[in-house]
Amino acid sequence: MRIGLTGGIASGKSTVSRMIRDRQIPVVDADIAARRVVEPGQPALQHIVKTFGEEILTPEGTLNRKVLGQRIFSNEEERLQLNAIVHPAVRRYMLEQVQAYEEQGHATVVLDIPLLFESKLTDWVQKVLVVYVPDSIQLDRLMKRDHLTKEEAEQRIHAQLSLEKKRDKADAWIDNSHTIAETEKQLDAILHQWIKA
Ligand SMILES: CC(C)(COP(=O)(O)OP(=O)(O)OC[C@H]1O[C@@H](n2cnc3c(N)ncnc32)[C@H](O)[C@@H]1O)[C@@H](O)C(=O)NCCC(=O)NCCS
Ligand SMILES: Nc1ncnc2c1ncn2[C@@H]1O[C@H](COP(=O)(O)OP(=O)(O)OP(=O)(O)O)[C@@H](O)[C@H]1O
């Protein structure tokens with residue numbers, strides 16, 4: 001079975017995906033895939049430089065994530081341009097990884113994809129699990145983790161479908177606004193139900 005794990009920026013997907021890995025279930029992570037496909041020498045990086053200019057490279061020739069992030073989260077047209085370059089390569093990379101785990105005999109594989117709904121990838125998975133927190137907690141955790149101003153954090157949150165909408169479309173959701181232990185308990189109940197079913 002393939003399970004899609006999603007949520008909003010800083011809602012706690014990585015926190016939950018760590019717990020899933022601890023339970024010996026492989027997780028294929030879209031954010032990691034998105035880093036791999038823009039490494040130096042990859043065609044996507046060349047395409048990004050052609051579109052956004054040399055100023056999005058560091059002196060070492062790697063992608064300057066901070067500079068590109070500042071641009072795309074304050075400019076929707078540029079964000080959509082970047083998505084069009086990076087997403088096809090991310091999808092290929094992820095599918096290869098999922099297939100490799102399945103060929104190794106893993107009956108359950110989790111796909112951690114922040115933009116699962118926005119990119120219409122729900123057909124890839126049999127179940128969707130959303131990691132939810134209320135707006136105010138999402139904003140607070142994002143500002144703290146990434147050292148962003150309120151305005152910068154709000155721009156990033158608004159580049160995605162709202163967490164309420166994602167929660168309403170989910171097969172199951174975890175409320176990650178309390179302790180890590182409470183999140184873990186909810187995760188175990190859901191996995192137990194889905195995997196034993
Ligand atoms: C703009 C980039 C360079 C900024 O890098 P940075 O290291 O600061 O952030 P990171 O990649 O860790 O992403 C953090 C979170 O931002 C959100 N996010 C990232 N890209 C996007 C996007 N294009 N649209 C909406 N949300 C996004 C996701 O929730 C993600 O988990 C990077 O996010 C990127 O290459 N984005 C395009 C690829 C993409 O869509 N990735 C998201 C999943 S495929
Ligand atoms: N239950 C919790 N209680 C307190 N802090 C938490 C909890 N869950 C996560 N956090 C913190 O909130 C921040 C966001 O969590 P995490 O990095 O897991 O989110 P994410 O959804 O993976 O984010 P992104 O979409 O940006 O990759 C982190 O700093 C994390 O340590």
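Whatever order the structure lists them in is the order used to number ligands and atoms, beginning at 1.
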- Note on the structure: Exactly one of Ile25, Val125, Leu191 clears side-chain contact (heavy atoms from CB on, under 4.5 Å) with Val110, and that residue is Ile25
Give the table of side-chain donor-acceptor pairs shorter than 3.5 Å for residues 39-65, with sequence neighbours excluded, one pair per line with atom names and distance.
{"residue": "Thr51", "atom": "OG1", "partner": "His47", "partner atom": "O", "Å": "2.8"}
{"residue": "Thr58", "atom": "OG1", "partner": "Glu60", "partner atom": "N", "Å": "3.3"}
{"residue": "Thr58", "atom": "OG1", "partner": "Glu60", "partner atom": "OE1", "Å": "3.4"}
{"residue": "Thr58", "atom": "OG1", "partner": "Gly61", "partner atom": "N", "Å": "3.4"}
{"residue": "Thr58", "atom": "OG1", "partner": "Thr62", "partner atom": "N", "Å": "3.1"}
{"residue": "Thr58", "atom": "OG1", "partner": "Thr62", "partner atom": "O", "Å": "3.3"}
{"residue": "Thr58", "atom": "OG1", "partner": "Thr62", "partner atom": "OG1", "Å": "2.8"}
{"residue": "Asn64", "atom": "OD1", "partner": "Lys66", "partner atom": "N", "Å": "3.3"}
{"residue": "Asn64", "atom": "OD1", "partner": "Val67", "partner atom": "N", "Å": "3.2"}

- Message: Measuring only between side-chain heavy atoms, which start at C-beta, is Ile3 closer than 4.5 Å to Trp194?
- Response: yes
Side chains of residues 92-106: which donor-acceptor partners sit under 3.5 Å, not counting sequence neighbours?
{"residue": "Tyr93", "atom": "OH", "partner": "Arg36", "partner atom": "NH1", "Å": "3.1"}
{"residue": "Glu102", "atom": "OE1", "partner": "Arg2", "partner atom": "NH2", "Å": "3.0"}
{"residue": "Glu102", "atom": "OE2", "partner": "Arg2", "partner atom": "NE", "Å": "2.8"}

- Item | Residue pair Ala34 / Val90: nearest heavy atoms and the distance that separates them | CA-CG2, 3.7 Å
- Between Leu163 and Ser11, the two heavy atoms sitting closest are CD1-CB, 3.9 Å
- Task: Run through ligand 2 for me and note each protein residue having a heavy atom under 4.0 Å from it, chain first, then residue number.
- Result: Gly8, Ile9, Ala10, Ser11, Gly12, Lys13, Ser14, Thr15, Asp31, Arg141, Arg145, Asn176, His178, Thr179, Ile180
- Task: Look at the side-chain heavy atoms of Ile, Leu, Val, Met, Phe, Trp and Tyr, link any pair under 4.5 Å apart, and say whether Val131 and Leu139 land in one connected group.
- Result: no
Show me a pair-per-line table, with atom names and distances to 0.1 Å, of protein N or O atoms that are under 3.5 Å from an N or O of ligand 1.
{"residue": "ligand 1", "atom": "5 (O)", "partner": "Arg65", "partner atom": "NE", "Å": "3.4"}
{"residue": "ligand 1", "atom": "5 (O)", "partner": "Arg65", "partner atom": "NH2", "Å": "3.4"}
{"residue": "ligand 1", "atom": "7 (O)", "partner": "Arg35", "partner atom": "NH2", "Å": "3.1"}
{"residue": "ligand 1", "atom": "7 (O)", "partner": "Arg65", "partner atom": "NE", "Å": "2.8"}
{"residue": "ligand 1", "atom": "11 (O)", "partner": "Arg65", "partner atom": "NH2", "Å": "2.9"}
{"residue": "ligand 1", "atom": "12 (O)", "partner": "Arg35", "partner atom": "NH2", "Å": "3.0"}
{"residue": "ligand 1", "atom": "23 (N)", "partner": "Asn83", "partner atom": "OD1", "Å": "2.7"}
{"residue": "ligand 1", "atom": "26 (N)", "partner": "Gln160", "partner atom": "NE2", "Å": "3.0"}
{"residue": "ligand 1", "atom": "29 (O)", "partner": "Gln160", "partner atom": "NE2", "Å": "2.9"}
{"residue": "ligand 1", "atom": "31 (O)", "partner": "Asp31", "partner atom": "OD1", "Å": "3.3"}
{"residue": "ligand 1", "atom": "31 (O)", "partner": "Asp31", "partner atom": "OD2", "Å": "2.6"}
{"residue": "ligand 1", "atom": "40 (O)", "partner": "His87", "partner atom": "NE2", "Å": "2.7"}

- Item | Side-chain heavy atoms of Trp124 within contact of Leu116, under 4.5 Å | no
- Query: Without hydrogens or angle criteria, can the side chains of Thr183 and Gln186 be said to hold a donor-acceptor pair below 3.5 Å?
  - Reply: no
